[in-house]
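Down below is the structure, laid out as structure tokens.
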Amino acid sequence: MATTTTKRFAATHRVAGKGRLAGSAALGFTFDGQTYAGVQGDTLASALLANGVHLVGRSFKYHRPRGFLSAGPEEPNALVGIHRDAARKTPNVRATVQELYDGLTAVSQNRWPSLAYDVGAVNNIGSPMFSAGFYYKTFMWPKDAWAKIYEPRIREAAGLGVAPERPDPDTYAQRFAHCDVLIVGAGPSGLAAALAAAESGQRVILCDEQPDVGGALRYESGASIEGQDGWTWAQAAAASLLARDNVRVLTRTTAFGYYAQNMVGLVERVTEHLAHPDLTTPRERLWQVRAKKVILAAGAIERHMVFADNDRPGIMLVSAARTYLNHYGVAVGRNVGVFTANDSAYPAAIDLKKAGVNIAAIVDIRDNPSSALVEEARSLGIEINAGRTVTGTDGRLRVSSMTVQAKSGGPARKVPIDALLMSSGWTPSVHLFSQSRGKVAFDEPTLRFLPGIYAQDCISVGACNGADSLDATVDEGFAAGEKAVRATISAKPKVDKGETWGGGMLGASPGSGPEQIVKAFVDFQNDVTAKDIRQAVREGMRSIEHVKRFTTNGMATDQGKTSNLHGLAIAAEVLDKPIPAVGLTTFRAPYTPVTFGSIVNHAKGELFDPTRRTPMHGWEEQQGAVFEDVGQWKRAWYYPRKGEDMHAAVNRECKTVRTSAGIFDASTLGKIEIVGPDAAKFMELLYTNPWAKLEAGRCRYGIMLREDGFIYDDGVVGRLSDHRFHVTTTTGGAPRVMHHMEDYLQTEFPHLDVWLTSITEQWAVIAVQGPKSRDILQSLVDNIDISDAAMPHMSVREGTICGGVPTRLFRMSFTGERGFEVNVPADYGRAVWEAIWEEGKKHDVCAYGTEAMHVLRAEKGYIIVGQDTDGTVTPGDAGLDWAIGKKKSDFVGIRGLTRPDLVAPGRRQLVGLRTKDPKTVLEEGAQIVDDPKQPIPMKMIGFVTSSYWSENCGRSIAMGLVEGGFGRMGETLHVPMPDGVIEVEVCKPLFFDEKGERLNG
Amino acid sequence: MLLIHCPYCQEERPELEFRNGGEAHIARSRDIAAESDEAFEAFFFIRTNPKGLVYERWRHIHGCGRFFNAVRDSVTDKFLRVYKAGEPKPADVMKNLPEHSAWENIPPADQNVETPARDRVSTDGEA
Amino acid sequence: MVEAITVKRRGALDHRLETINGVSLQPAKPARRVSLRAEPDGLAPLSKALGLDLPTKPKTSALADGRSALWLGPDEWLVIDESEDAEPLKDLAEVTVLHSAVDISHRNVAIIVSGSKAADVINAGCPQDLGLQAFPVGACSRTVLGKIEIVLLRTAPDTFRVECWRSFADYAFSYLSDAARGV
Amino acid sequence: MRKYSVFAIAREAMRGHKGWDQQWTSPEPRKDYDVIIIGAGGHGLATAYYLAKEHGITNIAVLEKGWLGGGNTGRNTTIIRSNYLYDESAGLYNHALNLWDGLSQDLNYNVMYSPRGVMMLAHNVHDVQVLKRHVHANRLNGVPNDWLTPEEAKEFCPPLDISKRARYPIVGAALQRKGGTARHDAVAWGYARAASARGVDIIQNCEVTAVRRSSNGHVIGVDTSKGFIGAKKIGVVAAGHTSVLMEMAGVRMPLESYPLQALVSEPVKPCFPCVVMSNTVHAYISQSDKGELVIGAGTDQYISYSQTGGLHIINHTLDAICEMFPMFARMKMLRSWGGIVDVTPDRSPILAKTPVPGLYVNCGWGTGGFKATPGSGHVFAHTIANDNPHPINAPFTLERFRTGRLIDEAAAAAVAH
């Protein structure tokens, strides 16, 4: 990279009296470390050109020197990196779109060591080897060489800019918007449409990717509307629209995607043009606009001429040169050549000539171009070479001459130039129309695809609809605006004078045909030449999609805005088929590349995904709890004390629960209140268990299946009254269980009088488990008798606690100890928890986390759905057959359970596993085999679902799913690990208090 | 993002508020325990998956919470009809379509903009 | 009785309050809330008990001295009452017509969003049309905000009540403040 | 078939690459064939290739309604791996993986199989249990799949953020080093060229409109946009359109077709060395040879044949990508597109005979079919040639949905395919 100098270049190519930036503030910026001067209102491109700089990039494959092709978003060549600071580096920015700000720092890409001397350019010399798809034909020997040798080098050479390496500090925003009429493009037709639609008072949104409205009026010097020059009229029109509160005008806003039912995605660049953006202001804003009607006024894009060496810096589109002159006041050269196939080159030549630029010659492939413009050019003394073509150019880092020849060949003449303008005609921008699933149609006489059959409520107007003259453009736009709001508005803008053009050519120009072996570029960025496309066809590529993929034509960052039709025409020529028969490649979103950040917008950092915390979370944090993620919830995992690691903390917690008591935050469990006269009937259908006979005030462990018979969820259910159940679900299962229940209630059992309400977050749940649990709660409950006699295991009572806090008190246990679960309204959760904690301290209780909870339940063989079951396990497999109501004739899953494979022998069944060495703790997920000596692949007969060190048992304990496990009690099986085989003995999944006496102990 | 007319809320709402519920009109047998393996397979696994008119269930899960049915063209994703759960499968959905929605194809002529006079060779944009 | 309770009540959004770009975000007072479910034909006695006419038109709400009833679905209403001694659940207790009334006072948390750009702020994450025509004062709907479900009620042209479940309140508040910074 | 090599290229360079043969011919269909394959995607072309190469059946037509390789083959994110949980799946995908290794040489076409490693991230205790279950099962199945600590994971993939900043911090990862990517178009073209060279007719723009059967029910051919074409056997390999074609033969399928989207960024210099997948934050990403970040998005929730999807799906995916790799937030989405994936109830494919004599079906690959291309074609060719499945695809029957003998990777593992 060139070293930084502070020398300021003079803006050598600004033309006094031209453009609209006269008197704007001067700005300084650097490109590859070199300091330059520009003015407010410049793009990076216009500012560099004002300094006479054309060389700005290197091509993708051959690393050929490249300059500016365009003055807009279709730019394939002039891609640079913009560096605001170490973290704000943006690769692949189009210099023709990037607005200049003071201190802007730009660097060129894809070159080493420098833009002027790029080692990669050897590819250019070797280019005959690097023909289309060459990499499919080689790099195959020896076998591993591709991945080890060739691919890394190809990757190094490929790519353009450098990806940022630090997190993006900028913020982005989003807005869902609705309107009656969305107008895409604020050129003459879009503005006319907006003026008409706005009159009605309906909601109108007008967007344009440029900083100002006006579209082609930016460079059309000939236009005059309502007695003002076109540009001035456009700004006035915008002002009048902005004054209305029913109209929103969004500039610097690109409509990038047209989605279903008139949903259009826009991205607004809010601060990219500012030198010192306020960091709280979003960099970009994504708009998702739902419009009743869409008016597409997207304009047209000029095509280049396809001829030998048409890619040298200084060779650009006619409309670009004209924009630089008429808008930015910059002459792209001092001695300019022109190569055209249509009229639109002439006004450019005329404008430049009048601005004092010498026009070396106009080369027009048409035999006798004749129009007022042609005559005017002649009268200005511009040399016109009709019926001729350009067969080549010279100049290493800047074009220095063009070679002119008769189309039929013959003597060639080298014309010295320092810039070359070209135009082969205009391509209507049907991108969004096509994205809307509209079908384009080929218009033979004008060689272009135009909107054909519409799929959504939208309409194309102006140049993107094939209108060639300014008045036709304004007429279409205005009429569409009127129709969109179903009104007739009188004040249609009057076009006094405007330019008209059409026609042109597609494909390679004479002199670059199949017989010549030259580099006539079709796709500049991807270095696709006319001969690459011919070769693709010769190799059997018949579909344009094949040609595109084989040559990569149109797959660069400009997505083929200037190259697609040329490529199509060349393919059609070789195939000798009409263009529409070869097809048109699909237009896909986005129209121009869209920043990931703006699509993500608010969903970063803490807003990436909600973090759900229980009412007791703060207390748990203060106690130094370590948390684990369970779905979106943060759950206290364990509470390490000074010097304790996880292992020690969990051992202590487990011990404490069984010796005195522990308290546990169970608030995340899902809870559903089921109310109505048919509540019990509904429960009978949704759970395998019988419910009809469950008395009010009692609880039961319930299992829910999917229709296929596999376990879906489980939980303890309390019956509060005949018509009211309090159902609990797993933490992760809560939402889907609710949906599953609603589904059956609404669509299969609508006759039942019952309603479901989620109460998960209404109640904070404090589990108090252990021999001392009753003593602790005794003094806190206000009006509930919790003696064993009055409130046996698996019962529920409603009352108050801690002086009036309503509670639903469950007597239940997930530890095998005497236990309670105190439900209180969430806002009181923390206070009641603290009260229980204070009382508990008298009994040396501890708070325990989810890990200890897991160990304690495993000691008792209680399953965790999702850990000991995995969506392929039936109640029978899990040893829960007892929970299926044998007399029931229907419940969800009853039929799935009897399918052949679910009743076949050899199913995996949940058993306990004791390691031969009690100190060895198995790894969860470890696989179980019968014969550890068998060769790989081994026959696996099961795996470990749960495994822990149990301090209470003084040994490791585990559960696993094992083929025919119930029949293997006492058998020795093997768990082959990388570092040796572990012997395990199959046992009942019950390791502590086998008789279950402690529930009342 | 689709725009879906909820027959209970009686207006079009964004797809983000809805959850698709799969094929509609697959009734669960009143005596499911007695179904044959084949019948159960047909009920639980086999789906029409048509390229064309799809009869499907939606739930306005983040709206009114109701399940309802819709007829949609799976090629264009256009909704042709929505109706409440329990209502019979509409006989001829092509008749009396919902009044003009954002999906409607409005020929340019009706929008009082002339299609350029030249006759155009229609080509599928999705080549 | 609320008064009887001695232990401290803690809200999910205690101490959060922001005004950004003229939009103020503040937690609503604790309220009594009931999820009321009933068949449309049995509404009269329920309306009588609640002292307001339960709305039957989608997306509408009814308001009578500090108590509002929001239509959430054809058989579902959200009753909200912020007055100290209100006991909507008790008011419904005696009604015999088929219905389900469930206390969700603590399940939901509300954020009041007000200011001239309030609708824009909510539209940063809510895909519904919040124009005054489509969503007038008194309009209400269950919908989404970013990645969570909310219930939205427009209480004035420039003021919305955003209800969400307790554990989502943090997210909702942060989302709205981030959105407010972005308008 | 003229051999491809660097020497061939050099020779052609001398004469402007005008001497290359057609990679495949585009003939008009003959009256009848021994075997018709419906669908000229990777799986269909591979089936034809192996029928010709290993079973001596060359009188084959591959019918394609569009252009070959234009379906999911040309629309997927080209991830290759075989670290599946169940023996059946591991067997099938590992068979494919072994064929990927050496496929370029076999086809004399550089499919750019690049074993750069496929890393699956664990973000919580449940992920660890699930991925370890995979790692252990893979090891005993002879499928190397290593368990990595967060530090080891970051060493292998430097862009990973293993700090606690993340909403779902990385707590470990499973890495299949032989997993990686390949060039999707090259796979379709390589098989097409090799099959064509062995006499297979690839007939594009030929849509099947009906499947004809004799009085005894056996297939006899198909009606197409190019007329009737006779066949003794028919293999349906039509991904998203399988239900439609099978309906023509009177077979109702346990399939649903969903739009699946993917996207690429603008090309940048090498910055991402492997494939990373995260089931918990729903994202997978790699970088192509061209320099584009290749990102797989999710499916829409409804059945559709539109090959387009909603912006909110892309939105959800990029949330996850930028959460895991916040430095990519300034990158730009260059192109997004949709495909149609056919999904079975157990997310595993169907590679089997059907109730209709002479009719065979290869479908249900959901979002993960590309990786299986060579193995799928290889065993499906065996199934058609012998009217009997290869041991490797024997479990992937249609009947399993009746018996309940599912191969439910999704339920068992909750790992994205």
Side-chain angles (χ1 to χ4, degrees), chain B residues 1-22 24-25 27-28 55-73 76-90 96-104 106, chain C residues 35-40 54-61 69-78 100 102 104 107-108 119 122-136 138-154 162-165 168 171-172 175:
Chain B
M1 197 202 318
L2 302 178
L3 201 54
I4 303 171
H5 185 95
C6 172
Y8 296 93
C9 296
Q10 295 161 31
E11 68 175 15
E12 284 185 322
R13 293 286 192 85
E15 184 190 339
L16 291 177
E17 292 183 353
F18 296 83
R19 180 169 308 168
N20 184 277
H25 303 293
R28 185 179 186 272
Y55 292 78
E56 65 190 352
R57 310 184 321 138
W58 288 89
R59 184 185 178 201
H60 196 184
I61 186 166
H62 300 303
C64 65
R66 301 292 88 194
F67 278 83
F68 61 92
N69 295 331
V71 190
R72 185 174 50 87
D73 179 337
T76 63
D77 292 336
K78 287 184 190 179
F79 284 93
L80 301 175
R81 183 81 59 87
V82 295
Y83 51 105
K84 296 180 176 180
E87 288 177 17
K89 203 167 178 172
N96 35 34
L97 294 173
E99 103 286 6
H100 176 62
S101 86
W103 248 143
E104 208 77 36
I106 307 299
Chain C
S35 171
L36 177 63
R37 310 293 299 272
E39 295 302 339
L54 288 165
T56 53
K57 193 166 166 295
K59 233 170 88 172
T60 61
S61 63
L70 286 59
W71 185 100
L72 294 187
D75 68 348
E76 179 178 7
W77 293 264
L78 171 59
S100 155
V102 174
I104 52 166
R107 185 190 77 178
N108 289 15
I122 293 165
N123 266 144
C126 174
Q128 274 200 40
D129 184 348
L130 299 183
L132 267 166
Q133 240 178 344
F135 208 93
C140 62
S141 171
R142 187 154 40 201
T143 178
V144 295
L145 177 77
K147 294 179 180 181
I148 66 169
E149 178 180 285
I150 60 167
V151 169
L152 191 60
L153 168 66
R154 186 175 221 147
V162 176
E163 291 245 336
C164 67
W165 287 5
F168 292 115
Y171 174 91
Y175 197 104

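Hydrogens, waters and symmetry mates play no part in the numbers below; they use all other heavy atoms, side chains included. Everything numeric here is computed off the predicted structure, so don't read it as measured data. Throughout, protein chains are lettered first and strands after them, A, B, ... in sequence-line order, and every chain is numbered starting at 1.
- Comparing C:T143, C:V151, C:L72 by heavy-atom pairs within less than 4.5 Å of chain B, the highest count is held by C:T143.
- Using a 4.5 Å cut-off between heavy atoms, C:D129 makes no contact with chain B at all.
- Looking at B:E11, the atoms closer than 4.5 Å to chain C (heavy atoms on both sides) all sit in the side chain, from C-beta outward.
- Contact tally against chain B (heavy-atom pairs below 4.5 Å) for C:K59, C:Q128, C:E76: the top residue is C:Q128.
- Atom CZ of residue B:R13 and atom OG of residue C:S141 lie 3.5 Å apart, to the nearest 0.5 angstrom.
- Listed here is the closest heavy atom pair of C:W71 and B:Y8: CH2-O, 3.9 Å.
- Across all their heavy atoms, C:R142 and B:G63 have their closest contact at NE-O, 2.7 Å.
- Heavy atoms only, all atoms of each residue included: B:I61 and C:E149 are closest at O-OE1, 3.6 Å.
- Within the model, atoms NE2 of B:H62 and SG of C:C126 stand 12.0 Å from one another, a figure rounded to the nearest 0.5 Å.
- In summary, of the residues considered (B:P7, B:C9, B:C64), a side-chain contact (heavy atoms from CB on, under 4.5 Å) with C:P74 occurs for B:C64 alone.
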